[in-house]
Amino acid sequence: MATYTLPELPYDYAALEPVINPQIIELHHDKHHAAYVKGANDTLEQLEEARDKEAWGAINGLQKNLAFHLSGHILHSIYWHNMTGDGGGEPLAADGVGDLADAITESFGSYAGFKSQLTKAAATTQGSGWGVLAYEPVSGKLIVEQVYDHQGNVGQGSVPVPVLVFDAWEHAFYLQYKNQKVDFIEAMWRVVNWQDVAKRYAAAKERADVLLLAP
């Protein structure tokens, strides 16, 4: 039995129009995300075989593949739920996401400052990657990260927990936005599911005390 499975979309392919068209959602989920799930499972099988045979000649490549595919699976699983056709706007206490709104202001000075930083981080990620809003448990604040490919350039020392992710790989937007990645990232703010982000933020804070933090 496979360790990882492709999650179902929480909406139909057309739910995020006009920001993301149905063809992109279908290809992105059914092909690209599915490939990361298969890649992670295949790599686990190859690592099991390497252990059984004590054959470690390919260990560096296998570990890199596992990190790549598993991170791709996890980030995409967050990505689908971070979006909704009824989303967008600014997180407000009136909508039941006041704790998140306060944390954004405390961590970035203002919502506008946060939005600008995450937009630029996602839009200027070199090559393929992500812009990520993450809870950083050492400081107890939110930070923005650029994630190259699926797993690089992340502050591993404190294990930040992703709560909002913007996919900046070309397969996420090219069929609709061509090479205008900035336009895609700007449009993404219209479908952010702040209810989902707020739940992830609350859960990340609750889990922070189980981490082994640096003294």
Below 4.5 Å, heavy atoms only, C-beta onward: do Glu186 and Phe184 meet side chain to side chain?
-> no

Judged by modelled atom types alone, do Trp194 and Thr84 share a side-chain donor-acceptor pair under 3.5 Å?
-> no

Using distance only, find each side-chain donor-acceptor pair of residues 110-118 under 3.5 Å and give its atom names and separation, not counting sequence neighbours.
from   : atom 1 : to     : atom 2 : distance (Å)
Ser110 : OG     : Gly113 : N      : 2.9
Tyr111 : OH     : Gly89  : O      : 3.4

Under 6.0 Å between ring centres, would you say that holds for His32 and Trp169?
-> no

Determine yes or no for a side-chain-to-main-chain donor-acceptor pair under 3.5 angstrom, with Gln180 supplying the side chain and Asp183 the backbone.
-> no

Quick check: does any side chain N or O of Gln176 sit under 3.5 Å from a backbone N or O of Asn21, one acting as donor and the other as acceptor?
-> yes

What are the two closest non-hydrogen atoms of Gly85 and Leu16, and how far apart are they?
-> N-CD2, 3.6 Å

Relative to each other, are the rings of Trp130 and His76 parallel, tilted or perpendicular (30° and 60° limits)?
-> perpendicular

Heavy-atom closest pair (Gly127 atom, Lys181 atom, distance to 0.1 Å) is O-NZ, 3.9 Å

Check against side-chain contact (heavy atoms from CB on, under 4.5 Å), Thr124 and Gln146 | CA-CA 9 Å; Thr124 61; Gln146 285 181 319; 3.3 Å; yes

How would you list all residue pairs meeting side chain to side chain donor-acceptor pair (under 3.5 Å) that involve residues 55-67, not counting sequence neighbours?
-> Glu54-Trp56

Could you go step by step and tell me if Lys53 and Glu49 meet the side-chain contact (heavy atoms from CB on, under 4.5 Å) rule?
-> CA-CA 6 Å; Lys53 296 181 178 179; Glu49 182 179 356; 2.8 Å; yes

Residues 93-108 side chain polar contacts: donor-acceptor under 3.5 Å, at least two apart:
from   : atom 1 : to     : atom 2 : distance (Å)
Thr105 : OG1    : Ala101 : O      : 3.2
Ser107 : OG     : Ala103 : O      : 2.9
Ser107 : OG     : Leu142 : N      : 3.0

State, with a plain yes or no, whether a side-chain heavy atom of Arg200 is found less than 4.5 Å away from one of Val161.
-> no

ILVMFWY cluster, Val165 and Val182 together (side-chain gap under 4.5 Å) = no

Side-chain contact test, heavy atoms from C-beta onward, threshold under 4.5 Å: evaluate it for Leu75 versus Asp167 and give yes or no.
-> no

Are Met83 and Met188 side-chain neighbours, meaning at least one heavy-atom pair lies under 4.5 Å?
-> yes

Side chains of Thr43 and Gln46: do they bring a donor and an acceptor to under 3.5 Å?
-> no

Under a 4.5 Å cut-off applied to non-hydrogen side-chain atoms, are His150 and Tyr36 in contact?
-> yes

For the ring pair His29 and Tyr13, is the centre-to-centre distance below 6.0 Å?
-> no

Take His73 and Leu6 through the test side-chain contact (heavy atoms from CB on, under 4.5 Å) and record every step on the way to the result.
-> CA-CA 8 Å; His73 170 44; Leu6 180 67; 5.8 Å; no

Side chains of Asp30 and Ile25: closer than 4.5 Å at any heavy-atom pair?
-> no

Begin with the C-alpha distance, continue with both residues' side-chain angles, and end with the deciding distance and a verdict on side-chain contact (heavy atoms from CB on, under 4.5 Å) for Trp189 and Val19.
-> CA-CA 9 Å; Trp189 291 103; Val19 173; over 6 Å; no

Taking every non-hydrogen atom, the tightest pair across Ile143 and Pro160 | CD1-CG, 4.0 Å

To the nearest 0.5 Å, how far apart are CG in Asp42 and CG in Leu66?
-> 11.5 Å

Quick one: closest heavy-atom pair of Thr3 and Asn41, and the distance?
-> N-OD1, 3.2 Å

Does the side chain of Val144 come within less than 4.5 Å of Lys120's, by heavy atoms?
-> no

State the CG-CG distance between Leu44 and Leu70, to the nearest 0.5 angstrom.
-> 8.0 Å

Gap between atom CG of Leu9 and atom CD of Glu26 - 0.5 Å precision | 9.5 Å

Shared ILVMFWY cluster between Leu175 and Trp80, side chains joined below 4.5 angstrom?
-> yes

Least distance between heavy atoms, Glu17 atom then Pro22 atom | OE2-CD, 3.2 Å

Start with the C-alpha distance between His81 and Asn193, add both sets of side-chain angles, then the distance that settles side chain to side chain donor-acceptor pair (under 3.5 Å), and finish with yes or no.
-> CA-CA 7 Å; His81 288 273; Asn193 184 347; over 6 Å; no

If you take all heavy atoms of Thr125 and Ala121, which pair is closest and at what distance?
-> OG1-O, 2.7 Å

Taking atom CG of Leu62 and atom CG of Leu47, what is their separation to the nearest 0.5 Å?
-> 5.0 Å

Between the side chains of His28 and His33, does any donor sit under 3.5 Å from an acceptor?
-> no

Please lay out, stage by stage, how His69 and Tyr4 fare under the test side chain to side chain donor-acceptor pair (under 3.5 Å).
-> CA-CA 11 Å; His69 291 297; Tyr4 303 107; over 6 Å; no

